[in-house]
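Worksheet for the structure shown next.
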2 protein chains.
Amino acid sequence: MNIGAAAEHSGLPAKTIRYYEDIGLLRASRAMNGYRDYTSDDVHRLKFLQRARSLGFTVEECRQLLSLYADKNRDSADVKAIASNKLDEIDTKIAQLQSLRAVLSHLIANCHGNDRPDCPIIDDLAGEAH
Amino acid sequence: MNIGAAAEHSGLPAKTIRYYEDIGLLRASRAMNGYRDYTSDDVHRLKFLQRARSLGFTVEECRQLLSLYADKNRDSADVKAIASNKLDEIDTKIAQLQSLRAVLSHLIANCHGNDRPDCPIIDDLAGEAH
DNA sequence: GCTTGAACTTCCAGTTTCTGGAACCTTTAT
DNA sequence: ATAAAGGTTCCAGAAACTGGAAGTTCAAGC
């Protein structure tokens with residue numbers, strides 16, 4: 001599969017896919033004509049990258065995440081440690097998103113136009129850091 | 001409150017807070033000595049920014065989000081439109097995080113060491129884009 | 001009151017993560 | 001055969017920080 005199709009399937013621009021290859025995040029094999037050639041497995045990884053990046057994981061974190069299900073030679077305990085670490089991060093992110101969601105949906109429901117900026121409920125929700 | 005305290009409370013480095021002021025995202029008033037002076041309301045906004053950024057919203061999106069609960073003079077229908085737009089984005093992000101979570105937790109539970117790279121369940125989950 | 005160190009200020013340069021564009025080659029369609 | 005579409009590399013620029021220099025202000029101890 002050419003880079004254009006891989007881009008379409010993964011949701012990443014071709015430019016970005018080439019960049020990821022540049023920095024050694026995901027290299028594709030080449031066809032005889034010199035074009036990059038992506039397997040469906042590559043595309044899965046690209047999708048995975050697209051998501052993880054759009055959710056605020058850094059490229060280095062993505063590298064770790066990818067290594068989790070790409071590296072056959074890694075010690076199982078190792079995998080578990082890194083993965084459960086990432087699980088915690090994901091759970092935190094989910095909680096934060098749900099809190100943001102609560103702020104916004106409350107905004108829509110109750111605070112339109114009149115007393116918004118100082119709405120104590122919003123302040124409360126927005127302040128519920130962790 | 002000085003920038004150091006604001007940084008501590010918001011979870012953002014002072015450098016980043018100054019940068020946000022540079023680009024007009026959140027400007028603080030100044031004390032007589034020239035130091036930036038943050039109200040608790042400012043700190044709420046900073047916390048809000050910290051979260052939204054770490055969850056993959058761009059600075060411009062954050063600007064929009066902030067305007068939602070900062071702008072008294074905006075038409076209520078306007079606010080609702082932008083906010084429900086953002087709600088959808090947040091819901092998508094939550095769904096994606098939950099999918100990532102499923103991938104990882106399955107990895108931890110079932111695919112350690114032996115048949116990981118081609119584990120069909122992982123492929124399935126990772127491929128479940130939207 | 002003086003000094004020292006931490007915290008503040010601005011400014012400029014460098015990093016990360018893309019993104020756009022030029023110049024050129026390959027494939028596909030007419 | 002030719003034109004358009006899509007691939008290649010390379011280099012430059014943008015977005016969002018981040019580090020460091022040079023100088024000012026504040027708080028604490030002698």
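In what follows, chains are A, B, ... by sequence order, proteins preceding strands, each numbered from 1.
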* What is the per-nucleotide protein-contact pattern of nucleotides 17-30 of chain C, from the 5' end, where B denotes a base atom under 4.0 Å from a protein heavy atom, S denotes such proximity for sugar-phosphate atoms only, and - denotes neither? -> BBSBB----BS---
* To do: Tell me what B:Arg36 touches on the nucleic acid: a base, only sugar-phosphate, or nothing, going by heavy atoms under 4.0 Å.
  => sugar-phosphate
* **Full working for salt bridge (charged side-chain N to carboxylate O under 4.0 Å, His left out) between B:Glu21 and B:Arg18** => CA-CA 5 Å; B:Glu21 185 168 321; B:Arg18 288 196 198 95; over 6 Å; no
* Asked: Measuring from A:Leu46:CG to A:Leu26:CG, what's the distance to the nearest 0.5 Å?
  -> 5.0 Å
* **A:Gly4 backbone acceptor or donor facing A:Asn2 side chain under 3.5 Å** => no
* To do: Would you please name every residue forming a side chain to side chain donor-acceptor pair (under 3.5 Å) with B:Arg53, sequence neighbours left out?
  => none
* To do: For the pair B:Arg45 and B:Asp41, evaluate salt bridge (charged side-chain N to carboxylate O under 4.0 Å, His left out) and give the outcome as yes or no after the intermediate values.
  => CA-CA 6 Å; B:Arg45 278 161 227 267; B:Asp41 211 69; 2.3 Å; yes
* Asked: Which atom pair, heavy atoms only, marks the closest approach of B:Lys47 to B:His9?
  -> CE-O, 3.3 Å
* Structure fact -> Span of DNA chain D engaged by chain B, first through last nucleotide within the 4.0 Å heavy-atom cut-off, is D:dA16 to D:dC26
* Asked: What are the two closest heavy atoms between B:Arg36 and B:Ala28, and how far apart are they?
  -> CB-CB, 4.3 Å
* Asked: Taking the side chain from A:Lys93 and the backbone from B:Leu97, do they hold a donor-acceptor pair closer than 3.5 Å?
  -> no
